Amino acid sequence: MHMQNHNSSTVAFVKDRRASLISAIFLMATSAIGPGFITQTATFTVTLGTAFGFGILASIIIDFVVQQNIWRVVALTKMNSSDIANATIPFSGYLLAVLIIFGGLVFNIGNIAGAGLGLNALVGLDPKWGGAISALLAVYIFSSRKASNFIDRLMIGFGLLMIILTLFVVFASHPPIGQALKETVLPSDVNFASITTIVGGTVGGYISYAGAHRLLDKGMVGVEHIDYVSGAATKGIIVVGLMRYILFLAILGVVASGVTIDISSYAANPASQAFQAALGEFGLRLFGLILWAAAITSVIGAAYTSMTFITPFKRTITDKQRQFATIIFIVVSLVVYLAMGTAPASLLVFAGGFNGLVLPLGLTIFVYIGWRRADLMSGYHYPRWLLLSGVVVCAITWYMGIMSVATIFNYLK
């Protein structure tokens, strides 16, 4: 009997662990696949054409190294990212927390704008009303007790839905796949601002910490779980990379067929125009649903992760207080969005860029910990290849950030 109990508890543990990992993968992926991701991918596909394929490949490699380092260090130290930073370089954790909370806020204003654009395409509702309704719905989902498991399921369902619907458009739009694959490996043109922006939109700012902090919350930490954590980090990046490449091909097909897509006017929503061109009225509604799903999951992901960075400022914070802070965070994002009136599409591209500028800072601290602070990781022998690639990616993200900072702030003009 005792043996049987032991077996059933082992089975339950494995099942729990699998659920925790899947929810971390999809929280990271759906946080990354938000309206900004969709709008940035569409904008750069229109401006760069097939050459953007290389930007996507570069971003996937960079994302992989970033995510592997950050998730691994969080899992091994069993600490919140800002505490890890403070333990390594005094006060750096506070700076990281402030930048990530600010980056999360910029992103969340964009997410709410994206939800407004999505409902506008889906049912023709005014974007401001759509944004307000979606933000309040996110607050409701977040504050209900059953929500946590519901969020996990919602993230997975929406993630799969987005991929399937976008594949549908790829088949309808017949993109020049051969040319795209060639440019992905041997680009005729390399655009740093686009790579920084999409890296920022995929793992920049709060996003790379989203899955890591989710695992921390669920207790999936320590050396014994490291293989699972590392596998989950890789799968998260694969899901995001796949989605981005499929979306790139879908929009590329439309652009290559000679359709002109407006990316500069106030109300421009480049991705929705592409879906409409490929599938008519149905495509527009379909896109509205994808954008809205991406936005609402990103509102929750951004708010949840940004608020895990409050801890260094208030050590004794309770779950209830953090939940309250998360709701305030969503409401503040909504108020700023309603007051601002910046063209939503340009705000979304700026948000990715800003988070791409925050990225090298956090990454530098984490790579330093990998090299120098085995004591924080209970003596774990950190893989050399990961440290070396971490240093290379650090250098690349600093260089790209410095090269593209002016371009990124111009998106706000």
Side-chain angles (χ1 to χ4, degrees), residues 32-61 63 114 117-118 121 161-199 201-202 238-265 267-291 294 343-346 348-349 352-353 407 411:
I33 304 170
F37 173 100
I38 293 171
T39 307
Q40 294 154 17
T41 305
T43 305
F44 293 130
T45 304
V46 173
T47 50
L48 302 172
T50 48
F52 182 47
F54 172 75
I56 296 175
L57 179 66
S59 78
I60 291 172
I61 295 167
D63 296 345
L117 290 175
L161 180 76
M162 286 189 249
I163 290 180
I164 293 161
L165 294 178
T166 313
L167 266 173
F168 190 59
V169 180
V170 173
F171 285 111
S173 72
H174 308 298
I177 292 181
Q179 178 66 27
L181 289 174
K182 178 177 163 261
E183 285 277 346
T184 301
V185 191
L186 298 165
S188 55
D189 177 35
V190 176
N191 182 304
F192 285 123
S194 72
I195 298 173
T196 304
T197 300
I198 63 167
V199 166
T202 313
I238 289 171
V239 171
V240 176
L242 199 66
M243 176 67 188
R244 188 172 304 252
Y245 207 79
I246 293 169
L247 188 61
F248 157 68
L249 290 176
I251 293 164
L252 187 64
V254 174
V255 175
S257 70
V259 174
T260 310
I261 290 183
D262 164 29
I263 54 170
S264 58
S265 75
N269 188 348
S272 88
Q273 298 165 47
F275 275 64
Q276 194 171 5
L279 299 169
E281 182 69 20
F282 171 68
L284 181 67
R285 306 272 175 248
L286 185 76
F287 172 76
L289 182 64
I290 293 180
L291 187 67
S346 58
L348 290 171
V349 178
T407 315
Y411 290 133

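A quick note: this is a predicted structure, and the numbers were derived from the prediction, not measured. Basis for what follows: all heavy atoms, side chains included, without hydrogens, waters or symmetry-related copies. In what follows, residues are counted from 1 in the order of the sequence shown.
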Search all heavy atoms of Gly114 against all heavy atoms of Leu291 and return the closest pair with its distance. O-CD2, 3.4 Å
From Leu249 CG over to Ile56 CD1, what is the distance, rounded to the nearest 0.5 angstrom? 7.5 Å
Would you call the rings of Phe44 and Phe52 parallel, tilted or perpendicular, taking 30° and 60° as the class edges? tilted
Holding to side-chain hydrogen bond (donor to acceptor under 3.5 Å, both in side chains), I want the full list of residues that pass it with Thr41, two or more places apart in sequence or in another chain. Arg244
Enumerate the residue pairs fulfilling side-chain hydrogen bond (donor to acceptor under 3.5 Å, both in side chains) with a member in residues 175-187, sequence neighbours excluded, ordered by first and then second residue. Glu183-Ser188, Thr184-Tyr245
What distance separates Ser173 OG from Phe168 CZ, expressed to the nearest 0.5 Å? 11.5 Å
Tell me, do Val169 and Phe287 make a side-chain contact under 4.5 Å, heavy atoms counted? no
On a heavy-atom basis, which atom in Ala172 and which in Leu279 lie closest, and how many Å separate them? CB-CD2, 3.6 Å
Heavy-atom pair of closest approach, residues Pro175 and Val170: CD-O, 3.4 Å
Closest heavy-atom pair and its distance - Phe248, Gly53: CZ-N, 3.6 Å
How long is the gap from CG on Leu247 to CG on Leu242, to the nearest 0.5 Å? 11.5 Å
Could you work out, with side-chain hydrogen bond (donor to acceptor under 3.5 Å, both in side chains) as the rule, every residue matching Thr47, not counting sequence neighbours? none
What pairs meet the side-chain hydrogen bond (donor to acceptor under 3.5 Å, both in side chains) rule with one or both residues in residues 275-284, with sequence neighbours excluded? Glu281-Arg285
Among residues at least two apart in sequence or on other chains, which ones pass side chain to side chain contact (heavy atoms under 4.5 Å, CB included) with Ala256? Pro176
Interatomic distance, CD1@Ile261 vs OG1@Thr45, rounded to 0.5 Å, equals 9.0 Å
Rounded to the nearest 0.5 Å, what's the gap from CD1 on Ile177 to CG on Leu181? Could you check? 7.0 Å
CD1-CD1 distance between Ile251 and Ile38, expressed to the nearest 0.5 angstrom: 8.5 Å
Would you list the pairs meeting ring-ring contact (aromatic ring centres under 6.0 Å, His included) in which at least one residue belongs to residues 169-190, sequence neighbours left out? none
